[in-house]
Amino acid sequence: MGISSTKEASNGVKAKLLEAVVDEMQNGVLVIDAKKRLLYANPFFEKTFSAAGKLEGKGLSEVVKDKTVLETVDRMLLSKEEKPQEIAVQGKGGRFFEARLVPFLISDLQKVIIGFFHDVTEEKRVEAIKRDFVANVSHELRTPLSSIKGYAETLLDGALDDKKTLKNFLTIIDRHANRMTALIEDLLTLSMLESHQMPMSFEPLDIKGLINSIIQGFEKQAKDKGIKLITDIGKEIPKIPADKDRLEQVIVNLADNAIKYTNNGTVRIFARKTDNMLQIDVEDTGIGIPEKDIPRIFERFYRVDKGRSRELGGTGLGLAIVKHIIQGHNGKIWVKSELGKGSVFSFALPVKE
C-alpha cells in the first residue's frame with residue numbers, strides 16, 4: 001500500500017471517529033451554509049429541536065424558531081469578521097440552551113457557521129428553585145419577626161406596667177418564636193435529607209404497632225374536632241426494614257394534616273401488602289385539594305390555602321420532608337384528592353431490603 005493510500009485510510013478512520021464522537025455528544029451540533037441551509041445536525045440536535053427525521057437540506061428557520069438565533073446567523077453571514085457569538089436559546093418543550101455560533105471559512109468563497117448548543121435547562125431550574133427558596137424563607141420569617149418586633153416595641157414603650165397586656169403580648173411573641181423555631185428545624189431536616197446527610201437506621205419495624213401508637217396520640221385532637229379515627233390494618237402485615245423515627249415522622253405528618261383539614265368527618269389509616277410492597281393510605285373526608293395543585297403538593301413551601309395553613313401552624317415543608325423520607329426508604333408516595341370530598345395520601349415501601 002502506497003503512502004497516499006495509507007494517508008487516505010488514516011483520514012477515513014479519523015473522519016469516522018470524529019463523526020462517532022459528534023453523534024454521541026450530549027450537546028447539539030449544527031452546521032449551516034451561506035444560504036442558511038442545514039448541512040449537518042447531530043442526533044442530539046435533531047431530538048431536541050425537531051420531531052421529524054433528518055434535517056440536512058432544510059432551511060434554518062424551518063427548524064429553529066428562536067428569533068435571536070436567526071438574526072445572529074444573518075449578521076454573521078453578512079459580516080467579514082470571524083468572531084464567535086454566544087447567545088441564549090429557547091428550544092422545544094420549555095428547554096433552554098447556551099449556543100456558541102462559530103464562523104468557519106472552508107474557502108475564500110465558502111463560509112459556514114458551526115453551532116454548539118449546550119442544554120442548561122437543569123441549571124435554570126436549579127437557579128429558579130434557589131431564588132424561590134430564598135424568597136419563600138424570607139417571606140415565612142418576615143411575618144413572625146415583624147410581629148415579635150412590633151409587640152416588643154409596644155412593651156418597651158410603656159405597656160410593661162399593664163399585666164394583662166404584658167401576658168397577652170408575651171404569649172403572642174412566644175407563639176411566633178415557636179413558629180420560627182419549627183421552620184428552622186424543618187429547614188435543617190430537609191437540607192440533610194436532600195443532601196443525603198440524614199442518618200437512617202434500618203431495622204425490622206412492626207408497622208401495626210407504630211400506627212396504633214400514633215393514632216392514640218391524636219385521639220384528643222380528633223375528638224375536639226368531631227373526627228372519627230379508624231385504622232384498617234391487614235392481618236398478615238410483615239415487618240419492613242425502616243427507620244422507625246423517620247417513618248413515624250411521615251405518618252404523624254400525614255395524620256396531622258388529615259385532621260387539620262377535616263371537621264366532623266372521618267380519618268382512616270389503611271395498611272396492606274401488595275406484591276413485594278407495603279402500602280399505607282391516610283384517607284380523610286376533609287376539604288380536599290384542587291386538581292391544579294396536586295402536582296405541586298410535595299414542593300417546598302407550596303401551600304394550597306396559604307392563610308389557613310399558616311393559621312394552623314404549618315411551615316410549608318412537611319410534605320417535602322415526607323417525600324424525601326419515603327424516597328430514602330426506596331419507596332414512592334402519591335396523592336388522590338377531590339375538592340370538597342377529601343384526600344388520600346398513599347406511600348409504598350419495599351417489604352424486603
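Just so it is clear, the model here is predicted, and its values are computed rather than measured.
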Could you tell me whether [X] atom [atom1] has more than 12 heavy atoms of other residues or ligands within 6.0 Å of it?
| X | atom1 | value |
| --- | --- | --- |
| K223 | NZ | no |
| D157 | CG | yes |
| D275 | CG | no |

Under 3.5 Å donor-acceptor, [X] side chain and [Y] backbone:
| X | Y | answer |
| --- | --- | --- |
| K36 | S61 | no |
| T189 | E185 | yes |
| T285 | T266 | yes |
| D284 | S343 | yes |
| E62 | G59 | yes |
| N178 | D174 | yes |
| S79 | R75 | no |
| D281 | S346 | no |
| D66 | V89 | no |
| K341 | I287 | no |

Check whether any side-chain heavy atom of [X] sits under 4.5 Å from a side-chain heavy atom of [Y], and report yes or no.
| X | Y | value |
| --- | --- | --- |
| L254 | V250 | yes |
| V64 | V73 | no |
| I207 | I251 | yes |
| Y40 | E56 | yes |
| I230 | V267 | no |
| I321 | L193 | yes |
| I233 | K208 | yes |
| F104 | I113 | no |

salt_bridge(K149, E153) N-O dist < 4.0 Å: yes
Count I, L, V, M, F, W, Y as connected when their side-chain heavy atoms are under 4.5 Å apart, and connections chain through other members. Are [X] and [Y] then in the same cluster?
| X | Y | answer |
| --- | --- | --- |
| M198 | F202 | yes |
| I184 | V137 | no |
| V322 | M192 | yes |
| L166 | F169 | yes |
| L349 | M200 | yes |

Identified salt bridge (Lys or Arg N to Asp or Glu O under 4.0 Å) partner of D119 from the options K124, R95, R125: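 By the salt bridge (Lys or Arg N to Asp or Glu O under 4.0 Å) criterion, D119 pairs with just one of K124, R95, R125: R95.
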Please find the pair of heavy atoms, one from [X] and one from [Y], that lie closest to each other, and give the distance.
| X | Y | answer |
| --- | --- | --- |
| Y261 | K225 | N-NZ, 4.3 Å |
| V351 | P238 | CG1-CG, 3.8 Å |
| L319 | F298 | O-CD2, 3.5 Å |
| N42 | N27 | ND2-O, 2.9 Å |
| V282 | A258 | CG1-CB, 4.1 Å |
| E46 | A41 | OE2-O, 3.4 Å |

At what distance, to the nearest 0.5 angstrom, does [atom1] of [X] lie from [atom2] of [Y]?
| X | Y | atom1 | atom2 | value |
| --- | --- | --- | --- | --- |
| I280 | M277 | CD1 | CE | 11.0 Å |
| F97 | F116 | CZ | CZ | 15.0 Å |
| L229 | I214 | CG | CD1 | 12.0 Å |
| H329 | I240 | NE2 | CD1 | 7.0 Å |
| L60 | I32 | CG | CD1 | 4.5 Å |
| K83 | M76 | NZ | CE | 10.5 Å |

Verify side chain to side chain contact (heavy atoms under 4.5 Å, CB included) between D224 and K220, making sure each step is shown before the conclusion. CA-CA 6 Å; D224 290 344; K220 184 181 185 305; 3.0 Å; yes
Does the pair V63 and F45 meet the rule for a side chain to side chain contact (heavy atoms under 4.5 Å, CB included), with working shown? CA-CA 10 Å; V63 180; F45 185 92; 3.8 Å; yes
With side chain to side chain contact (heavy atoms under 4.5 Å, CB included) as the criterion, how do F347 and V335 come out once you've worked through the C-alpha distance, each side chain's angles and the decisive distance to 0.1 Å? CA-CA 9 Å; F347 63 90; V335 60; over 6 Å; no
Should I325 and Q249 be marked as a side chain to side chain contact (heavy atoms under 4.5 Å, CB included) after you check the CA-CA gap, both sets of side-chain angles, and the distance that decides it? CA-CA 9 Å; I325 292 174; Q249 189 175 0; 3.6 Å; yes
